[in-house]
Amino acid sequence: MTASKKDSKTSDPRPLNPNGPRIRKAISAMEELGISEDVVKPVLNRLWKLYNREWKLIEDDNYRTLADAIFESVDDKKGKAITMQDKQEPSSKRSHSSTYHASSTQKKRRQYCQLVDDDDDDDDMDHSSSVNPSASDKKSKISDDITKGQEKIKIALVNEIGIELPEFVYITQNTTFQNAHVPFSLARISDEDCCKKCNGDCLSSRVPCACSRETGGEFAYTPKGLLKDKFLDACIANYSEPQKENLFYCQGCCPLEKAKDAHHPEPCNGHPLKKFIKECWRKCGCTMACGNRVVQRGPTCKLEVFATKGKGWAVRTLEYLPKGSFICEYIGEILTNTELYERNEQRKKKNERHTYPVLLDNDWGSEQGLKDEEALCLDATHYGNVARFINHRCFDSNLIDIPVEVETPDHHYYHIAFFTKRNVEANEELTWDYGIDFEDKLHPIKAFRCHCGSQYCRDAR
Ligand SMILES: C[S@@+](CC[C@H](N)C(=O)[O-])C[C@H]1O[C@@H](n2cnc3c(N)ncnc32)[C@H](O)[C@@H]1O
């Protein structure tokens, strides 16, 4: 077994090689801005350590981060004191909408503060999903509640290391974009597929109602609202290695391949087929407190969004979570696959680092001739909820994504819900396996340089 990335990075004692090709390139890029080598070198050295030897973060956007950090360092030497008030936007300004945006001064100042403060201790960085013991003392809270009161719980956003603030609008329900066809219609739900005669809590009735049919005549949840072990273990087993065994192939033309080349589409590369949870829905007679309505009641556990040094923003739990706990849904814009393809083409041009799409392709393998408006996905780039911050971890993530029917039995559209695969400690980062093939450069879920820290990491570059 190979050593994990975390081990190789944190124990690397080598200093920055002053004559290495990348440092020379950085120096000459700064010289073009009229900045001399002796000003560049100390800042570059600190940034390199701060970003845990990730050159890409320094080189991105034509060395913009490096230039910003140098300007800040020069400003500071001129005696411009940085006060806490300067470092954060006034709260009145932040509370106008759910959109977060970092001004360039804010960004520059944070980077500089970080360079000075963390110069000596940044090697303590942890890329893995393990418990983060420093969570409580070093916090710099940017927002008390990114949901703006839309969820039952508050979700704070803390920036312990000064990375760029995310810009997006927080929503709690998926929202349809243009011609995506979402078949919400009570007429599609037959009386046999719902429990009109139930009242109260379906889980407490002696005989499970019709809504348990999808999950084999038993409800997927326990009375405490956890996923039953048997159901969860079967879902986890679906993900077992080698993944290819669990793939199903489009019978007609694959929507992903058609978007790439409508005239000469390549054969389908396969789609996962996962077990569904079916919750009671609008046509049912039970109440919202029914034990078979867990996902539709929204998140209830204590979560926090925090900044990492290798993966951008991330989510952690602030409390212990037993195996099978519901965390949240993946919320975003419902797009057609063609729209996602076009958005991805635009994003490639802008060289955007983080991407937020998830395919709703669970049933594509069993469909013949799927229409464009039926091949759907979720994009949480502009509109999304806390799930847009959950990072990827290869194989041994602590969350699993499970498709959930809430308003329609039609599997073109469904909800994606995250549950814990095992007991999770307070302050642990929450992660799920995006199912990425790191070799597939053309997949709509853009591959990135993986820093998951798992010993099973698939990105063995
Ligand atoms: C759904 S977003 C997750 C939140 C994101 N970290 C952020 O800052 O908004 C997915 C993006 O996060 C980054 N990411 C997620 N998991 C990662 C990992 N294991 N290693 C490196 N980057 C990761 C990648 O840039 C990816 O495109």
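No experiment lies behind these values; they were computed from the predicted model shown. Counting starts at 1 for both ligands and their atoms, in listed order.
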Contacts under 3.5 angstrom, residues 172-180 side chains, donor-acceptor by atom type, not counting sequence neighbours:
unit_1, atom_1, unit_2, atom_2, d
Asn174, OD1, Gly332, N, 2.9
Asn174, ND2, Tyr413, OH, 2.9

Quiz prompt | Closest candidate by heavy atom, reference atom 19 (N) of ligand 1, pool Glu164, His392, Arg449 | solution = His392
Practice problem: Name the option, out of Tyr356, Phe168, Trp432, Tyr434, that contains the heavy atom nearest to atom 7 (C) of ligand 1. | Solution: Tyr356
Quiz prompt | Test ring-ring contact (aromatic ring centres under 6.0 Å, His included) applied to Tyr414 - qualifying residues, sequence neighbours left out | solution = Phe276
Practice problem: Please confirm whether Tyr434 and His443 have ring centers closer than 6.0 angstrom. | Solution: no
Quiz item: So, do Phe389 and Phe306 have ring centers that fall under 6.0 Å from each other?
Solution: no
Minimum-distance protein heavy atom relative to [atom]:
| atom | answer |
| --- | --- |
| atom 22 (N) of ligand 1 | Phe448 CD1, 3.5 Å |
| atom 20 (N) of ligand 1 | His451 N, 2.8 Å |
| atom 8 (O) of ligand 1 | Trp313 N, 2.7 Å |

Exercise. Could you verify whether a donor N or O on one side chain and an acceptor N or O on the other, from Thr338 and Asp372, lie under 3.5 Å apart?
Key: yes
Can you tell me if [X] contacts ligand 1 (heavy atom of the residue under 4.0 Å from the ligand)?
| X | answer |
| --- | --- |
| Asp459 | no |
| Arg393 | no |
| Cys450 | yes |

